[in-house]
2 protein chains.
Amino acid sequence: MARKSGSNGEKTAKQLREAATALFAKNGYAAVSMRQIAREVGVQAGALYLYTADKQTLLFDLLDQHMQDLLQAWEERATPHSVTPMDKLECFVRFHIRFHLPRGDEVFISYMELRNLTPENFEVIQTSRRKYESILHDILSDGEADGTFKFVDTKVATFAIIAMLTGLNTWYRDEGRLSLDMVEEIYLDLVMSAAGAKR
Amino acid sequence: MARKSGSNGEKTAKQLREAATALFAKNGYAAVSMRQIAREVGVQAGALYLYTADKQTLLFDLLDQHMQDLLQAWEERATPHSVTPMDKLECFVRFHIRFHLPRGDEVFISYMELRNLTPENFEVIQTSRRKYESILHDILSDGEADGTFKFVDTKVATFAIIAMLTGLNTWYRDEGRLSLDMVEEIYLDLVMSAAGAKR
DNA sequence: ACGCTAACTGAACAAGCGTTCAAATGAAAT
DNA sequence: ATTTCATTTGAACGCTTGTTCAGTTAGCGT
């Protein structure tokens with residue numbers, strides 16, 4: 001047999017992205033074969049090449065989509081645009097946690113599989129990442145300018161805060177001791193303290 | 001030819017560890033072949049099996065050695081054992097940075113390749129890691145008990161601080177803007193602030 | 001009912017994988 | 001000088017890899 005009954009291109013494309021995301025996160029890009037992904041999708045390996053040029057492009061598209069989603073979600077965030085640096089920082093922390101926590105696999109891949117990108121693809125992702133970091137950096141700078149925050153080095157503080165927040169993904173479990181709301185408050189407190197903000 | 005002139009077991013063993021560390025860090029465990037490692041060592045692939053049972057054991061040994069070194073270095077740290085929680089935390093921060101920064105590859109592998117360990121091997125490494133985390137946790141607990149520090153949640157603060165410190169490895173470069181001494185002071189300040197310590 | 005095209009199979013390709021092992025050779029001890 | 005043993009080669013094993021492609025079928029517009 002060839003074409004399968006009930007087959008549909010968009011559905012398969014979506015299944016491919018999902019299967020690849022899950023498998024790459026669990027076993028790593030290099031350790032996952034196209035045949036493994038195909039099995040998960042319920043299709044032969046050859047069929048995948050109707051939806052991606054090659055394995056490398058598949059990885060890149062996943063990472064790029066993730067970064068695009070992240071940046072776009074920030075632009076469209078529900079919270080009304082805040083005015084004071086304090087409000088902005090609070091908004092950023094809450095946003096970061098709520099965006100990243102439900103996307104464990106994507107976040108994991110985005111950090112772990114950078115080295116498996118070709119140099120050109122790497123540069124694209126890196127640019128998006130820097131864009132995101134600059135959002136936080138601008139907030140911290142503003143706050144420092146008007147005396148809300150105090151840092152020895154603002155650039156380092158940016159990295160440190162993002163690393164701290166993203167580290168949440170490595171240990172948080174839905175069934176665990178703490179609710180999403182609680183970790184949000186805990187990290188908010190840690191970040192505000194680190195920023196030297198009096199509350 | 002068979003045995004090579006000037007050949008020496010211990011030297012080859014060391015070269016194997018170094019080549020494997022560098023290659024695993026750069027390309028990932030799954031993406032690196034035994035033949036690639038062998039080429040780096042300057043030997044045929046078959047010869048590597050005199051020094052490791054198999055590829056999995058090679059990875060495990062590297063990670064395990066790294067964790068052992070870390071825990072032992074803490075025990076033998078040069079700084080005289082401090083008394084106040086404040087001193088202890090300062091000591092820990094400085095130790096963490098000075099131990100981790102010069103070991104970029106090992107640290108990277110230790111975080112990235114955990115998933116490529118067999119479950120039993122993973123458990124061993126995880127135990128060592130928890131041991132290290134508990135060092136910081138104990139310091140934070142003590143400090144909270146005597147009022148030096150203030151946390152909403154001490155366990156979370158432990159994870160957050162370690163993530164923050166380890167994140168340093170992802171951006172620090174020797175040729176960069178900041179010296180080792182400077183980042184040490186910057187991170188010390190961030191950690192102390194996050195801990196709510198008045199200085 | 002027919003033709004077109006989107007969707008997929010299944011086999012094939014060359015290349016590379018981890019691992020084993022008999023054979024060969026250098027170094028060290030006698 | 002001879003033996004012994006550590007060290008390495010090089011070929012071989014069966015298997016998997018990413019990717020291509022001619023052929024086959026399902027769904028859809030006419």
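Please read these numbers as outputs of a predicted model, since none were measured by experiment. All chains are named by letter (A, B, ...) in the order of the sequence lines, taking the proteins before the strands, and each is independently numbered beginning at 1.
The base of C:dG16 lies outside donor-acceptor range of the side chain of B:R35, with no N or O pair under 3.5 Å.
Counting non-hydrogen atoms of other residues, nucleotides and ligands closer than 6.0 Å to CD of A:E76 gives a total above 12.
Taking the ring axis of A:Y132 as reference, the NZ or CZ atom of A:R130 does not stay both within 45° of it and closer than 6.0 Å to the ring centre.
Looking at the side chain of B:Q36, the nearest of the listed nucleotides D:dT17, C:dC17, C:dA7 is C:dC17. The nucleotide whose nearest atom lies closest to any side-chain atom of A:V43 is, among D:dT17, D:dT9, C:dT9, C:dT9. The side chain of B:M34 has C:dG18 as its nearest neighbour among C:dG18, D:dT8, D:dT17. Of the candidates D:dT19, C:dG18, D:dT8, the closest approach to any side-chain atom of B:Y49 belongs to C:dG18. Checking C:dG18, D:dG18, C:dC8 against the side-chain heavy atoms of A:K55 singles out D:dG18 as nearest. For B:A45, the listed nucleotide lying nearest its side chain is C:dT19; candidates were D:dG18, C:dT19, C:dT9. Of the candidates D:dT9, C:dC8, C:dT9, the closest approach to any side-chain atom of A:Q44 belongs to C:dT9.
Side-chain N/O atoms of A:Y51 include one lying less than 4.0 angstrom from OP1 or OP2 on C:dC8. In this model, the phosphate group of C:dG16 is not approached by any side-chain N or O of B:S33 to a distance below 4.0 Å at OP1 or OP2.
B:R98 has a carboxylate O that lies under 4.0 Å from a charged side-chain N of B:D181, or vice versa, which qualifies the two as a salt bridge.
Judged by distance alone, the side chains of B:D69 and B:Q65 do bring a donor and an acceptor atom under 3.5 Å apart.
Using a 4.0 Å heavy-atom criterion, one finds that A:V41 contacts no nucleic acid atom at all.
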